[in-house]
Number of protein chains: 2
Amino acid sequence: MAQTIALTRSPKDVEKLAEQFKALGDGTRLSLMMAVAAGENAEACVCDLTPETGLAQSTVSHHLRLLVEAGLLTRTQRGKWAFYALTKDAQKLLK
Amino acid sequence: MAQTIALTRSPKDVEKLAEQFKALGDGTRLSLMMAVAAGENAEACVCDLTPETGLAQSTVSHHLRLLVEAGLLTRTQRGKWAFYALTKDAQKLLK
DNA sequence: ATCTTACATTGACATTGTTCGATATGACGA
DNA sequence: TCGTCATATCGAACAATGTCAATGTAAGAT
């Protein structure tokens with residue numbers, strides 16, 4: 001049998017899923033996610049990600065915050081650097 | 001080995017994927033997709049979908065058009081009715 | 001202590017998106 | 001042909017989003 005779609009999701013789950021899709025529904029953010037996944041140890045810091053996008057550092061920081069709030073990235077501070085990595089949810093949605 | 005993320009996607013594919021995520025990144029549209037998937041023969045017409053959303057018919061029609069344009073729904077006219085069904089892409093993203 | 005580096009936050013602005021009412025289109029029935 | 005039903009399109013109001021420059025914060029270096 002082919003893959004089936006989960007039809008019975010609670011309204012809360014639907015809202016969370018919609019938020020995650022919305023977070024991924026932007027070219028810049030999707031590229032950021034793929035850059036993080038491609039990074040060493042599947043993580044990356046803002047200083048690595050900013051040049052790739054060609055956008056202002058504040059803009060990149062803003063997008064990363066949205067991705068964390070959506071439950072798609074984790075943030076870990078190590079020294080001066082903030083490292084971002086994909087969550088399980090993100091791995092599932094992007095596989 | 002755990003599921004891996006496709007890291008090497010062309011910019012065109014990234015843009016298309018982002019468009020699909022964006023289309024799903026709205027509570028109303030995501031609910032519409034699930035309602036279609038739950039419909040008899042995994043399809044549904046606007047007359048069935050409109051009451052479920054509580055929105056104006058024109059609004060539902062607009063959202064359905066966006067989902068078709070994103071490659072997530074197909075549209076088939078049968079008599080007076082327009083039937084919408086999930087594409088392969090949609091089944092993959094929602095499974 | 002001061003400076004620099006890495007990142008986050010704020011405020012402003014232009015763009016895009018959601019929604020509706022009104023109207024148009026197109027198929028079927030009387 | 002005329003009316004009705006199902007759906008699509010249009011135009012406008014209003015909300016949400018993406019972006020930047022400027023500024024704030026916090027950690028390490030000098």
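From a predicted model like this one, the values you see are computed outputs, not experimental measurements. Note on naming: letters A, B, ... go to the chains in the order of the sequence lines (proteins, then strands), and numbering restarts at 1 for each one.
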In this structure, CD of B:Q20 is separated from CG of B:L94 (nearest 0.5 Å) by 10.0 Å
A:F83 CZ to D:dA27 P, in whole Å, measures 16 Å
When rounded to whole Å, the NZ to P distance for the pair A:K22 and C:dG17 reads 12 Å
Taken to the nearest whole Å, CZ/A:R75 to C1'/D:dT25 is 11 Å
With sugar-phosphate taken as primed atoms, P, OP1 and OP2 and all else as base, the protein-contact string of nucleotides 22-30 of chain C at under 4.0 Å (heavy atoms; B, S, -) is B----SS--
- Query: Hey, are the side chains of A:K16 and A:D13 touching, using non-hydrogen atoms and a 4.5 Å cut-off?
  - Reply: no
- What nucleic acid atoms does A:Y84 come within less than 4.0 Å of, heavy atoms only: base, sugar-phosphate, or nothing? sugar-phosphate
_Between A:E52 and A:V60, is there a side-chain heavy-atom distance shorter than 4.5 Å?_
no
Margin query: Test of understanding: clusters of I, L, V, M, F, W, Y form through side-chain heavy atoms closer than 4.5 Å, transitively. Do B:L24 and B:V68 belong to the same one?
Written below: yes
Result for side chain to side chain contact (heavy atoms under 4.5 Å, CB included) between B:H63 and one of B:L49, B:L73, B:L32 points to B:L32
B:L30 CG to C:dT18 C1', in whole Å, measures 16 Å
note: B:R29, atom CZ; C:dT18, atom C1'; distance rounded to Å ~ 9 Å
From CG of B:D48 across to C1' of D:dT7 the rounded distance in Å is 13 Å
message: Check this one for me: any side-chain N or O of B:T59 less than 4.0 Å away from OP1 or OP2 of C:dC20?
response: yes
A:L24 atom CG is separated from D:dG18 atom P, nearest whole Å, by 12 Å
### Query
Quick one: are A:Y84 and A:V46 in side-chain contact, heavy atoms under 4.5 Å?
yes
Separation of D:dT17 atom C1' from B:F21 atom CZ, nearest Å, is 19 Å
The correct set of residues in residues 62-72 of chain B placing a heavy atom under 4.0 Å from DNA chain D is B:R65
With a 4.5 Å heavy-atom cut-off, do B:R78 and B:E43 have their side chains touching?
-> yes
Practice item. Decide, yes or no, whether a salt bridge links A:E15 with A:K22 under the criterion of side-chain N to carboxylate O below 4.0 Å. Key: no
In this structure, CG of A:L72 is separated from CD of A:Q91 (nearest 0.5 Å) by 11.0 Å
Open item on the list: Check the phosphate of D:dT19 against A:T28, side-chain N and O only, distance under 4.0 Å to OP1 or OP2. Yes or no?
Closed with: yes
